[in-house]
Protein chains: 2
Amino acid sequence: MTTIYDVAKEAGVSPKTVSRVLNDDAPVNVATRAKVETAIVKLGFVRSHAARSMRSQRSGLIGIITGAISTSPGAGEPAGLPDIHIVQGAQRIFAQENLTTLISDTGGHLDRVPELVRTLLEHRVEGLLYVADHHQQVAFPAAGARNRLVLVNCYDDESTPCVLPDDESGQYHLAKGLIERGHTRIGYLTLAERQRAQPLRLAGYRRALAEAGIAFDPALVIPAALMDPAHEYDLLWDALDRLLTLSEPPTVICCANDKMAMRVYGLLRDRGLRVPEDISVAGYDDYRIIADHLHPGLSTVVLPYETMGARAAQRLLRIIRGQQEPGTTSTELVSGPPVWRGSVLSRTANILDFQSIGRNNT
Amino acid sequence: MTTIYDVAKEAGVSPKTVSRVLNDDAPVNVATRAKVETAIVKLGFVRSHAARSMRSQRSGLIGIITGAISTSPGAGEPAGLPDIHIVQGAQRIFAQENLTTLISDTGGHLDRVPELVRTLLEHRVEGLLYVADHHQQVAFPAAGARNRLVLVNCYDDESTPCVLPDDESGQYHLAKGLIERGHTRIGYLTLAERQRAQPLRLAGYRRALAEAGIAFDPALVIPAALMDPAHEYDLLWDALDRLLTLSEPPTVICCANDKMAMRVYGLLRDRGLRVPEDISVAGYDDYRIIADHLHPGLSTVVLPYETMGARAAQRLLRIIRGQQEPGTTSTELVSGPPVWRGSVLSRTANILDFQSIGRNNT
DNA sequence: GCTATTACTGACATCGATGTCATGACATCG
DNA sequence: CGATGTCATGACATCGATGTCAGTAATAGC
């Protein structure tokens with residue numbers, strides 16, 4: 001590899017002058033600069049990041065720890081949008097700031113995290129992002145990075161700064177939108193109880209009902225997702241059956257995520273029900289590949305992973321740069337709007353029209 | 001940051017001895033080693049990668065250039081499995097070898113590639129992987145990395161080593177499997193003509209037909225995917241309509257990818273056709289989120305991205321280490337098997353049964 | 001016309017590790 | 001018992017850049 005010394009010799013100047021040309025540090029005579037630049041091109045010189053960052057004590061690196069890249073197929077994937085989108089959003093911000101991101105993948109083995117953190121620290125990352133694959137509590141072994149760490153999609157009990165999805169608000173706005181569209185019997189196939197998002201979303205659902213003066217009916221809310229996907233299908237079939245055989249069945253079914261909604265499409269079709277003419281369906285996540293391409297398109301709630309990643313990145317930058325945090329709270333919530341596609345029928349426009357459709361097809 | 005000098009002072013030894021403990025280079029007295037290790041823990045010492053790699057001339061870094069992370073929603077996504085799986089496979093191999101991967105994202109801007117390459121070279125990556133988002137020809141500006149570069153999912157005209165999906169074989173085995181299941185009229189909704197995979201897959205389709213002695217009927221093969229997804233939907237509807245209104249319509253429809261198959265599910269349902277009782281459907285990619293969760297499950301062909309990534313990584317390692325390449329060819333094909341799920345009806349078991357089903361529902 | 005800046009350049013030390021070489025204390029061998 | 005080898009350790013140079021400081025020449029200010 002050629003060094004600035006080679007370049008200096010070639011151009012007949014001192015190494016320091018080459019450095020000045022490279023960094024545009026201090027004034028350099030145009031003729032000198034030209035000579036140096038010619039030499040650089042001629043020798044194909046490329047700066048050594050190692051030498052540079054060693055001297056300047058700045059690595060220009062940000063570490064991201066995630067399981068996104070290797071959430072292996074088959075491993076208990078906790079249903080939801082792939083967290084790679086979070087990484088995406090963060091990387092966008094860091095790239096703008098000329099920071100290189102060093103992405104470390106857990107490969108699904110959480111016990112490898114301390115090792116990964118160590119590697120990142122060896123690279124002298126200036127900050128660290130920990131990205132979880134779903135909203136959860138974690139105990140991140142930050143070892144020496146505690147004060148330049150931001151958690152994304154997770155939180156801990158040490159008030160480490162974190163960025164979380166606003167599950168309550170998301171489900172609230174979805175339910176509110178459904179009510180505005182004339183639905184009052186809103187079925188809800190939920191996540192497993194112990195999923196962190198679950199009580200939050202349920203709270204949002206109930207808030208929307210309460211605001212509209214609709215009584216909460218526990219029979220309409222059934223858990224239909226398990227951590228273990230193996231038995232999930234039967235569970236879903238059963239939950240759906242319970243909803244549809246109620247004496248006063250729902251006119252719309254909210255699903256805990258888009259993947260579940262996709263299955264519900266199939267199950268409803270098996271029962272001879274059309275979406276949305278006979279029954280409306282909504283999801284959660286706005287998992288584009290599903291929501292966009294299902295037919296009809298799936299109404300759902302944006303799980304704002306990209307934004308969360310970007311926010312976390314901005315927050316980390318503020319911390320690194322020693323700027324005062326705007327608020328004093330460690331938790332930052334990011335909410336995503338509902339997206340309305342064909343899967344939800346509006347019953348407000350013309351009730352009579354709806355009834356005639358219903359009569360023809362039930 | 002503490003250095004080995006600090007550790008040396010704390011432990012009362014020379015820096016070199018600390019280095020020896022760290023690298024387990026040369027024999028160190030157990031008592032000395034203990035002192036050093038204690039000092040390391042006490043001071044929270046972490047090696048500097050920069051200094052290390054500068055001296056040893058080994059970075060332990062591999063660069064990966066991809067658009068995987070930021071194939072932004074909305075940008076003309078060329079339908080297919082997200083290339084993140086390729087990165088995944090490669091990273092698995094590199095992690096085994098204690099190499100850290102530096103993932104550079106094009107952010108969808110191909111013109112940023114030279115800049116990314118430069119950054120990677122500044123980090124003195126020992127090898128470079130370029131990952132494309134679909135099977136295509138590229139002109140990669142390798143600038144100085146030409147001899148430690150492997151292309152994945154793409155190839156160039158300079159015989160750079162590359163790893164590609166075996167599209168011919170994939171479609172061949174799918175069609176062969178369909179024929180074995182009693183299908184002879186096999187509809188095929190293809191990719192756009194200029195997609196590299198298209199002629200290859202068509203060749204596979206025709207080879208299977210030829211081997212079974214079935215005449216090729218051009219009316220059964222219709223392009224239904226565009227590079228621009230905006231008009232794709234109408235195109236697909238029209239293509240499907242043409243297939244279904246043939247005097248002798250197909251008993252199965254092969255789609256260019258799983259996403260298209262998902263849409264076809266919906267369109268077929270609109271026409272009152274049941275999958276697979278009335279018509280079978282097959283996809284391509286084995287995009288798990290779709291293929292697994294559609295109802296019924298989608299029969300498709302594995303696009304072996306994870307394996308391709310791993311193979312490319314292994315190949316790059318061989319190149320870096322100066323080991324002789326096994327073959328002399330620059331191109332390495334990786335084939336993926338068909339996966340049979342519920343969307344394809346076997347007509348071989350009992351033809352009469354099938355006919356009765358058909359009569360009831362047509 | 002003399003001082004105060006500014007433009008431009010280079011010598012040298014330094015960042016934090018490791019490679020090379022030297023050295024002393026023992027152990028082993030013939 | 002002397003020659004040789006191994007263990008254990010440290011002094012010193014070095015990797016490739018940049019920060020500090022110094023110095024010269026040209027320009028500006030009064």
Side-chain angles (χ1 to χ4, degrees), chain A residues 1-37 39-40 43-61 98 100 118-126 144, chain B residues 1-37 39-40 43-61 98 100 118-126 144:
Chain A
M1 273 288 159
T2 62
T3 71
I4 51 168
Y5 296 93
D6 303 324
V7 174
K9 192 177 294 176
E10 173 76 25
V13 299
S14 77
K16 180 69 218 194
T17 296
V18 177
S19 169
R20 281 193 264 261
V21 171
L22 289 171
N23 296 289
D24 213 13
D25 250 336
V28 174
N29 188 286
V30 275
T32 313
R33 161 169 272 124
K35 277 192 301 184
V36 171
E37 279 167 351
I40 286 176
L43 300 180
F45 166 79
V46 178
R47 288 223 266 319
S48 157
H49 171 88
R52 210 158 128 74
S53 79
M54 186 167 155
R55 185 70 248 255
S56 67
Q57 302 288 54
R58 287 202 60 250
S59 69
L61 289 171
N98 269 317
T100 303
R118 163 157 292 264
T119 302
L120 293 177
L121 289 178
E122 286 186 1
H123 284 268
R124 295 290 186 270
V125 292
E126 296 172 17
Chain B
M1 271 290 158
T2 62
T3 71
I4 51 167
Y5 296 93
D6 304 324
V7 174
K9 190 177 295 176
E10 173 76 24
V13 299
S14 77
K16 180 70 220 195
T17 297
V18 177
S19 169
R20 279 193 265 262
V21 170
L22 289 171
N23 296 290
D24 214 12
D25 250 337
V28 174
N29 186 288
V30 276
T32 312
R33 161 168 274 127
K35 276 192 299 182
V36 171
E37 281 167 349
I40 288 176
L43 301 180
F45 166 79
V46 178
R47 290 221 265 322
S48 158
H49 173 87
R52 210 160 130 74
S53 80
M54 186 167 157
R55 185 70 246 257
S56 67
Q57 302 287 53
R58 289 201 59 248
S59 69
L61 290 171
N98 268 318
T100 302
R118 163 157 292 267
T119 301
L120 293 177
L121 289 178
E122 286 185 0
H123 282 269
R124 296 289 187 271
V125 293
E126 296 172 18

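All values reported here derive from a predicted model rather than from experimental measurement.
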What's the shortest heavy-atom distance between [X] and [Y], and which atoms?
{"X": "A:S59", "Y": "A:S53", "result": "CA-CB, 3.9 Å"}
{"X": "A:V7", "Y": "A:V36", "result": "CG1-O, 4.1 Å"}
{"X": "A:T32", "Y": "A:V28", "result": "CB-CG1, 3.9 Å"}

From [atom1] of [X] over to [atom2] of [N], roughly how many Å is that when rounded to an integer?
{"X": "B:N29", "N": "C:dC26", "atom1": "CG", "atom2": "P", "value": "12 Å"}
{"X": "B:K35", "N": "D:dA8", "atom1": "NZ", "atom2": "P", "value": "13 Å"}
{"X": "B:R52", "N": "D:dT14", "atom1": "CZ", "atom2": "C1'", "value": "17 Å"}
{"X": "A:D25", "N": "D:dC21", "atom1": "CG", "atom2": "C1'", "value": "15 Å"}
{"X": "B:K16", "N": "C:dT23", "atom1": "NZ", "atom2": "C1'", "value": "15 Å"}
{"X": "B:H49", "N": "D:dC15", "atom1": "NE2", "atom2": "P", "value": "18 Å"}

Ignoring backbone atoms, test whether [X] places a side-chain nitrogen or oxygen under 4.0 Å from the OP1 or OP2 oxygen of [N].
{"X": "B:R55", "N": "C:dG19", "result": "no"}
{"X": "B:Q57", "N": "D:dG16", "result": "yes"}
{"X": "B:S14", "N": "D:dT9", "result": "no"}
{"X": "A:N23", "N": "D:dT18", "result": "yes"}
{"X": "B:S19", "N": "C:dA17", "result": "no"}

(request) Mind checking A:V18 for me? I need base, sugar-phosphate or nothing, with any heavy atom below 4.0 Å counting as a touch. (result)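 No contact.
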
(message) Reading DNA chain C from 5' onward, which residue's closest nucleotide shows up sooner: A:P27 or A:Y5?
(response)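 Nearest-nucleotide comparison on DNA chain C picks A:P27.
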
(request) Ignoring the backbone of B:R47, work out which of D:dA17, C:dT18, D:dT9 is nearest its side chain. (result)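 Nucleotide nearest to B:R47's side chain: C:dT18.
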
(message) As a test of reading the structure: which of D:dA17, C:dG16, D:dT18 is closest to the side chain of B:S48, going by heavy atoms?
(response)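 Between D:dA17, C:dG16, D:dT18, the one nearest the side chain of B:S48 would be C:dG16.
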
(message) If you count every heavy atom of other residues, nucleotides or ligands that lies below 6.0 Å from B:R118 atom CZ, does the total exceed 12?
(response)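 No, because the 6.0 Å sphere around CZ of B:R118 holds 12 heavy atoms or fewer from other groups.
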
(message) Which is more 5' along DNA chain D, the nucleotide nearest A:T2 or the one nearest A:R20? Just name the residue.
(response)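 Whichever sits nearer the 5' end wins; that is A:T2.
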
(request) Could you say whether B:T32 or B:S56 is positioned toward the 5' end of DNA chain D, judged by the nucleotide with the nearest heavy atom to each? (result)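 The residue mapped nearer the 5' terminus is B:T32.
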
(request) Would you list the pairs meeting side chain to side chain donor-acceptor pair (under 3.5 Å) in which at least one residue belongs to residues 11-22 of chain B, sequence neighbours left out? (result)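 For residues 11-22 of chain B: B:S14-B:T17, B:S19-B:N23.
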
